[in-house]
Structure formats: structure tokens, C-alpha cells
There are 4 protein chains.
Amino acid sequence: MLVVMHSHATADQVEQVLGAIRRMKLTPHPMPGATRTAIGITGNVGAIDPRTLEVLPGVLELIRVTKPYKLASREMHEADTYVKLPQTTIGPGTFTVIAGPCSVENEDMVLRTAEWLMARGVRLLRAGAFKPRSSPYSFQGMGLEGLAILDKARRRTGIGIVTELMDTDNADAVEQAADIIQIGTRNMQNFSLLKRVALASKPVLLKRGMSATLEEWLMAAEYVMAGGNYNVVLCERGVRTFSDHSRNTLDLSVIPPVKKLSHLPILVDPSHGTGKRDYVPAMALASLAAGADGLLIEVHPDPDHALSDGAQTLSLPGFEKLLESLRRLAVPLERMLN
Amino acid sequence: MLVVMHSHATADQVEQVLGAIRRMKLTPHPMPGATRTAIGITGNVGAIDPRTLEVLPGVLELIRVTKPYKLASREMHEADTYVKLPQTTIGPGTFTVIAGPCSVENEDMVLRTAEWLMARGVRLLRAGAFKPRSSPYSFQGMGLEGLAILDKARRRTGIGIVTELMDTDNADAVEQAADIIQIGTRNMQNFSLLKRVALASKPVLLKRGMSATLEEWLMAAEYVMAGGNYNVVLCERGVRTFSDHSRNTLDLSVIPPVKKLSHLPILVDPSHGTGKRDYVPAMALASLAAGADGLLIEVHPDPDHALSDGAQTLSLPGFEKLLESLRRLAVPLERMLN
Amino acid sequence: MLVVMHSHATADQVEQVLGAIRRMKLTPHPMPGATRTAIGITGNVGAIDPRTLEVLPGVLELIRVTKPYKLASREMHEADTYVKLPQTTIGPGTFTVIAGPCSVENEDMVLRTAEWLMARGVRLLRAGAFKPRSSPYSFQGMGLEGLAILDKARRRTGIGIVTELMDTDNADAVEQAADIIQIGTRNMQNFSLLKRVALASKPVLLKRGMSATLEEWLMAAEYVMAGGNYNVVLCERGVRTFSDHSRNTLDLSVIPPVKKLSHLPILVDPSHGTGKRDYVPAMALASLAAGADGLLIEVHPDPDHALSDGAQTLSLPGFEKLLESLRRLAVPLERMLN
Amino acid sequence: MLVVMHSHATADQVEQVLGAIRRMKLTPHPMPGATRTAIGITGNVGAIDPRTLEVLPGVLELIRVTKPYKLASREMHEADTYVKLPQTTIGPGTFTVIAGPCSVENEDMVLRTAEWLMARGVRLLRAGAFKPRSSPYSFQGMGLEGLAILDKARRRTGIGIVTELMDTDNADAVEQAADIIQIGTRNMQNFSLLKRVALASKPVLLKRGMSATLEEWLMAAEYVMAGGNYNVVLCERGVRTFSDHSRNTLDLSVIPPVKKLSHLPILVDPSHGTGKRDYVPAMALASLAAGADGLLIEVHPDPDHALSDGAQTLSLPGFEKLLESLRRLAVPLERMLN
């Protein structure tokens, strides 16, 4: 923490700030400069809210220095985290493709898709039984019945299940059905939900909030980790900006900073990121080249009749073509598709 | 819904789109133009997802025409909504000031604040028992104990209580303690929570999401109304933009469009909107002049030692001065402070 | 400037940074903390680019402390700036309304509008002879002929002229015709143009860039002031955000920070800010209440047939009604319309 | 263009809108629906400003259908544009790397860099003689002297020159010195400058504005093309969003829509896009995978002592390593580095 004093601040005002810092049991380091004094603060800054220093007379500005996340930070935990699943492992060196329909629509479709994916080496199926929809009048998902279908698909084909949890009421059921519990964009700062999945026995896929800074995102991961669940996988899915050429602005530029500041793996969801099927393959390839650890991608045997998100969903042949391109691209990058 | 065809689209491709529309039980209206054909669609468009038309050959773009909200819309319900409370009524003609500390810190502070407010004509107290904090290591609120304190404040002073609900687990307790149930910014699209408060017997104060469009915000209100609770009060509290001169960008410009498109009352929270105590009075006065129906504002007997949000909180004398300015400004605007 | 070292930084790395700072002729202030060392820097930081420190081994982050603007800053120049014109003065205490059509369309219209405005106490006319249009196929303004019309309007009615300069080629002509030279949003960081108007004998109205931070805006003002022209008037006109309920997001929340950090007057343009005539009056009133020093507003005798921006332009009766509302609202705010 | 009527609009109001459309010499296509009437408009819509229809009684909304750009549009010009230079050609199939220091600092450095680049197959040098700097107190570039150095570098080594033009005053000199004239981010909508380079005999590299939509960007290209210069190369360089993990938000997701909507080549500038040297290689590789036609990238023999932008600049060994990675990645993508 750094306190920047006004250039006209009096010696008394500087003294008053030093006293306030000491009363917080912190150590002030005054630095008198040509035009103004700045005061560094060391000690356990995290425990208090030093924003109140900002309103003392003569204070121009308060600048926070330390990052608030600890468990999610690479500074505290240098080695990369690998999230181990019965079906595969997510983390550097490999590139994990998770695919499937937006929502569970019926048993036949899910089983067919799961078999098709397993036959092509894709070992994780994404599909929502509970669907967050911006309209109360839209299809809200099959609920528990959908979970049962997913469970059947796993038992029948061996595929791993990635599915979304929307509220604590359904936490037990989703925890049981899922191999990875997905927390959606709109719930990234649903702190009650984060505290619940912190207690879960399954890894958590944490989608970035619509307008979350990297710090807020890592703090959401910190909620899960602080509660005891260290298996967190981040997922970039596009953010909200002024830009209107696609549904969201897929922020691939977040990948290098995530890798620098955190040890957690990061996936990319180019389907929600772009909102348009035509743009998905280019963004999927770019995610691999940018250093992401995998993809979350919407595919459907008949996307034009999907109950939700059809316009951004690849057909099976389209997805198969993309898989081949990814495999070829992985070679010079020394990555293995899994 | 309007389908815009590519300028090179063939007659066959146009015919194929017309057929697809008819198979959806909708009526196509082809409009051949100089450079391209556009096709209007009428019928019950809301029931299907016509985004799938976008991927048919020859289609350039799909343009949605109708607004998806109905109950929240002024088109469907022309008269202004007045939300009636035991203590006062929120809606046009008056200007309702809701004030209090960010969080319930202890009984004494809440009681003193409530008495002080009632003595000055402020009849609604805001204070959080459950606090959404971006860090798991920050003070998370007093929980049920905090609700008990709020309940006592109401019985003792007659003041109305506005307090936040963060999850369905605590819904019964908050519903009982509150006169208005607050849904926070980060939960604006927590659809499970919206469905729960749709069943509540108390009005809902719905804060705008950090990066919610007006349509998404009204759709969140629609969730509450579609479930049977018509007493929704909107609250603008600043949005997330590139701008860094204040904590958030308080979007007062949303007030006229809200009034045009919806019949629901709208308040402004200049405390979270600016994040800085110095900027709150100017934004409070501007909210009144812009046509808002009231304010949600943070005041504290000792803001510099508040457990949360001290830097954006007014002291009691600072708030009293603002109240006087608001009263004077209300006169030429023909509004009554309450 | 503050250098934050990595928590694992070695003593050698810290020493290396201290040496680098000293070689820049600056003074380092090391602050060893519990988890990491931070190093404050004092001296003439502005003269060098210390971003290069960021890439030294062991450095986590570099935090800039001092503001780069000087002449535009209230710290350096505490008293409010009043911009004096032959017709009126812009600055605190008054509220200056500048009105007129988007563009000069013909002599008759300009003369009639100028007379109408003067008769109602509005002493500054805005109208563009050179128009920045996003399409090369749109009406680009009357150019020099338009300037001649404005000049005639001033001689005939005594009204002051506010008109835009788009390039250095026309600088002499605009400087002569204008009482205030307007620099448009898209040219806020056209540094060649800023350097030219820095030499002008007329005040400069500097519109905020579409996505300019407050610091960038004040730095653009600094360009004009550093070149010798101290008569700068800022003008907020809406910024670019995700929000789509109006043409731009009018950022009234920038007014208190501008007043805190700078001594320059600030106007608001609610016409471009909202893009819709219906929303203009509410935002004009809110600008006054928020502490702006005046308005730049589009009015037209026949807005529905204006050659540009008709949809956001008030009719004369609509504007007259707004003027009356502004006059009434100014009373409790102790401001004088001029 | 589509006019959406209010659900309560009367038959008279609909009739009035039909009349207004016909008076504009356009053809209205009324579509009566269950809840409201919509009116399609065909004819030469571009020539008028139909926003004025929006304010007629009973009109709810106006929706624009046609794109305003023509020459830049793939609909009008299906074949990809290849921009031919003496040294190389920019366009699909190849991947053109343009590299060099932020600014021309002295002759020796430029010559050495040019030779080094040519020896590694990089045939275009970027370096600014005129520098847009946000502070008037920062190094503003060497100006004409810098152009002379660039000219010498070309004559000596054969390398092509990409350098920025900031104003019409220096247009002749830059046009002569450059093989590609760069228009910077802050000048994307400097329409006077665009009109000048429309007359130039050299190709134009048009950087995307800080908060430009794709449509605005293509309209800026349209200005250049409408004036007669068809050799336009687009360059994505990061946009302004809420996100703070890098200097700007590099928007790689714009590449597929650019390729769909336009025939112009597009480069990416990962140096300005990220602002941090560490993040540049990942984004460079991702640009290639995403389908960009090349890179604009900052390299410097001694980046830590560069006069500008050092922190985002690669060293020569760092750049050489990146070139090798790009070459390996180009193979499975069937692209040729040039």
C-alpha cells in the first residue's frame, strides 16, 4: 500500500497519516520527494481496509500494491496445477477438448454424442441439465432428469461429465453426476455457490464473469480454494465490451497473464466467446497457439434444431474437421490433444 | 424478426428461407429490394429460437425486432408502478431516500442510525447482514444475528428495512426481516434466486448487473414478475467500463430510457456508483434532476471506522447537508422527498 | 513511481534495481516488507521512461504515482479558470448554454436561429462548417462558405460562434471565424491539431475522446496549454461502453473528478451524449445539478429535416421549455444561466 | 431499414409513416403482425438520414439493415485483396512480418536493425519518425530527419519502410519515404488525413481505433478507398475495455468477421495490443492461427534503453526465437512466412 500526499500537504498532515498507519499496527515508510511526500506501508495490509486513509486531510491518492489472492497465485505456488480426472488430466503439455451440446435434450441425443466423441478420443462431455437463460420464457433445462441421462452416458460410454451447477439446492445431485462441476459466467461472484463447491469432492470449472477483471476471477477461484477445493480450472468465454462484431469479445490475451500470475489451468470456450459457428474454428486454433490448456466447445448432431445456442454450435462433421486441424497444429507446439 | 439475405442470394435460397419460416408456424413477408431481399417475420416469434435461420445458405444477418420483456414493459402496462410499503410509497412524484451503513456492525450503531434517520424523515434503512465480498478473507457480514438487529431496529423505531439476500438458503429469514429484499449486482442474473424472490411477499430491489444492458436488466425484473411478484424497484449502481476516475461508471443516462421502456420505479446508488464520498452529493442531486425515483445511499455514524465501504460512505452531518440540498432542489422539480 | 519486487526476489536483484534507479539520476527508497520489498522512487520521474525497470529480474510490477499533467492540474493551479469571451464568461457560478444546429445548412436558418437564441439570452451559437462524418458518402459540411455564414451571424446579431476545426489546413479560417474553436471527439488525440490550436488566439473547447480516460483528456488539454493557450474548456459528450440504451454513455460522473483534479471549466453535450431528443432534457438538468459549467446542445428550427443529427436535436419550442426548467433549477443551486 | 411501430400505434400513425417514406422516394413494405406493425423500407436508403422517422408518432424503433460500407465490403468485391509492394505482397496464403523499433532514434540503430531483419527474411521495417505521444513532454520523434534515416536504410538494405503519418502537413514527405503509410489508432477517424492518403500513391496501413467497432473501422477504410486508394491493410492493435491485465485488450476475435465482411488483408500488432514483452510471442502465434495475414511487431537491439515503448519491445534474440516458432507453426496452417 502506498499513500500519496498532496503537493501542498503540511508536515502536520503527513504526521497524522503516519499516526493512523501506526494505529493500524502497520509500518509507515515516508519518502519525501521534490514535489510531494509518499508513504509506503508494510505489514499485514490484507487484514484491514486502508481505504479510510484516503479521506484523511492532505491525502491525494491511495495505491494498493499487493495482490489479494494467495492460494491461486503463482508467487505462492510456483508449480503448475494439474487437475486429475478418472478420464484424463487437465494441465500444461496436453490440450484437453471438452465437447457436447449446450443442453441435455433427450437420452438418445446425449448417448449418441457421447459415443461419437469417445470414438474420436474426446473423453469429456459438456451438457447442461440446468440452464441459465436470460428469459424466463426460454427452455430452462431438463433438471434432475437431465442429470440422470448424463449419468447413464457416463456408465454406458465411460465419458467424463462436465455440467453446470446453478444453486446450492441442486449441489448434491450435480456433485454426484459430474466429473467437473461448472460454475457459469453469471455466477462467478455468486459467493454462496462458490463456498458450496469449495466443499465438493469434484473439480470446479470456473467461467470468467462477463466483466470480471483477472483479479476478480482469481479471487473467485480463491473462494473455492480457501474452502478446501484446490482443483479449479479457469475458463475464458468472452467478455462484455463495446464491440458488436460477435456475441462477446473472446479475450485470448488473458491467457499469458493467467499463466504468469497463477498456476491454475485455463480453457477457452470459443462457442460462447464468438456466438457464431463460423468463427469458432479460428478461435479454437488460436486458443491452442496462445497457450490455453484446452477447449470447451459446443457440438450437436443437428445444431439447426438444437433447443438452445444452435447458431454457435458445430455439427459433428464440422467438429471432426476442427479436431484434425487442432491435432496438426499441436505438433509444432509440442502439445498432445486429449 | 427480420432476415436479411446476401446480395448474391439466389431465388432458391430465398425460397428455402421462406419454407423454413413457414415450418416454424410463422408468416414470412418477403421484401425484394434493389440490392438484396429482406424477409420480415410475424407470428409468435418468442416461442422459438430463430437464430438457426442465420446459418441457412444466402442469409447475411438476422435482426430481432420485438423486445423479449412483457410484464416489465411500458408497452404492455402503461401506468407507472408505485411500490407501496408500510412506511412510504416508491414511485413518480416523490423521491425516496433509503440510507444506512453498508453492513450491520452491531446493535448500538444500527439503532442509533435508525433513530437519527427517522428524526430527519428518512423512513427506510439500508444495511447488509449478508455481504457479498470479492475476497473470502474480508468481513462477510453478521448473518442471522444481523437480521435480528435489523428487526429490532424496525420494532423500536418504525423504520423500514432494506437488506440483501444472497442465496435461497436464507430466503425465509430475509423475507421476514426485510421490507424490501435487495438483490445485489452480482446476483442480477442468479436466476434461481430471482425465481425464489418471485414467490416472496415483499418487494424486490433489483440492482443492475455490473455490465447488464437495459434489456438484460428488465429481463431479470421479468423473472421476478413472471413468478408473481410485481413489486420490483430497479436500482442503478454504476457499470463496468474502461473509465477509471471512479470505482464504477454511474450511468445516470439510463434513467430516461428506463422511464420510457418500463413502468417500474428506479433508484440510484451514488455510493457504489462513485466509490468516493466526495463525489456522492453531486451524483445524488443529479439523480433527482435526471428523474430517478429515489436514492440508496451509504451513511455511517463513523465512516472512517466502518467495517466495509468506509471510503464511499457519508458521515451523518455530511448526509444531513445533502438532505437539505435535495429538499431545495426538489421544489422546482415538483417532487416531494420522502 | 513504485517498484514492487517479487516475493522470491533475491537481495542481488533488489540491489540491481537500486543501481538502475540511481543511474537514472533518481533516488530509490527501499522498503523491506514481510513478504516482499517495494522500492519508492523520487526525483524528476517525468523525464524518463521507467517502464524499462519493469523488465529487470525480480521485478513484479511498476506503479506510477504522479499525474503526468501539470498546467491542467488543480494541484499546480488551485484557482478555477474562467474563460472570458466578448459575449460572456464560462466558469463556476454561472451556467453557460451554447446552442445551435449540428451543421450550418444555409444562411437563412443560421441567422434566424441566432436571432431567436439572442432574444432568449443565449449568447453562444454552435454550428459546424466542417463536419466529421463516419461515412464518406454523408454531407461533409459547407466548409469555408459555412464559416462566412457564421461570421455574418455574429456581425448581424452579436452572438458568439463555437465551431469545429478538423485539420491544420483550415486553422486560420476557423480561428478567425470562431469565438471558441471546437476540437471534436475523434480529434482529442490529434496531437498535430492540438499543437496548432495551442498557438491560437481563441479559447478551445476540447471534447472528450470516445474512450478517453480522465488522465488522457487532461493530457490533451495539457498539449494546448503547454503550447501557450490557457483558455481550455472541457466538454463531456458520452463515452463508448457496452451499453446500448443510448447512442453513447453520457458520463456525468466525470464532473466531480474533473472539478477535483483540474481547474478548467467543463460543459456537457447531452445531444451527442444520448443521441435521442427525448432523453436530452433530463440529462441537461442533471448536468446542472451535477456541477457542470454549462451545456452544448443541438437545436434546430426544423429538426425533422436537419441535414445531420436530426434525431437528437431539440426543436425551438422544446429548447425554450428546457431553458425555463434550467432557470428554475439554477435558483436553489445558486447558479446564473448565461 | 425497418420501422417498428408501437403496439398501440393507430392506423393513422402507420399511414403517416408510409407517407413520410414515400416522400423520401423510398418504398415502404408494411407487415401487420399480431401485436404490432413493422414497415420494411427498400430503395436508395443510403442517401438520406431516415433517423428522422424515429421521431414520428407511433414509431417505437428504427432498425438499420444495410451496411454503410461498399468498396471495403466482400459482398461488393468477393476476391481477396493482395497489397503488392516492391519487397513482398500482403494477403492470404502468406504471413507478412513487419518489425522494427517504435521510433527512429538514430541512423546507426536503424541501419543495424534493417540489415539484421533482411538477413532473417523480414523485408518490411516499421519505425516512427513522427510519434503520437499522450504527453507533450515526451519524445515526439525525429521528424523529417527520421524520414531521411529511413530512406537511407531502404537504399542501403532494400528493406521496405512502414512509417506513420500524423498530419497533412507532412503527407508529401511521408508518402515519399514510406512503402506503406501508417495511420495510427488515434487518427483512425481523422477524416481530413484519410482523405489525404486516399490520394497517395502508396498503400495505407489503417490501425483500428481504440474503441472502433468493425463497422467504423471499415468505414474509415471506405474513406481511403472512396478517394481512389484501394490498397488498404487493416491492423488490429488492441481496444479499450474494462480489462486491466494488459495495456489494451487485443481483439483477435475480430479476425474471422473481418475476413467474412471484407476482402482487405488484416495484420495484428501484439506489441501495442499487450504492452508487455512477455505476452507478445503467445499473441503473435495466436494471430497466425486465427487467420491474420501478418504482424506488426516492435523489436529493438537494446529494448531496455529504447526512447519509447521499451517495455513492450522484443530484443533481437527474442524476436529471432519467435520467428522460428512462427515458421514451424505456419507449416500445418499451409502459410508461408514472408
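Numbered from 1 within each chain, the chains take letters A, B, ... in sequence-line order. All values reported here derive from a predicted model rather than from experimental measurement.
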At what distance, to the nearest 0.5 angstrom, does CZ of A/R36 lie from OG1 of C/T42? 12.0 Å
Is there any ring pair (Phe, Tyr, Trp, His ring centres under 6.0 Å) pair reaching into residues 256-276 of chain A, and which pairs are they, with sequence neighbours excluded? A/H77-A/H263
When rounded to the nearest 0.5 angstrom, what is the spacing between CG in C/L60 and NZ in A/K260? 6.5 Å
Any residues in residues 237-246 of chain A near chain C, with a heavy-atom distance under 4.5 Å, and which are they? A/R240, A/T241, A/F242
Quick check on C/E75 against chain A: is it the side chain, the backbone, both or neither that has a heavy atom closer than 4.5 Å? both
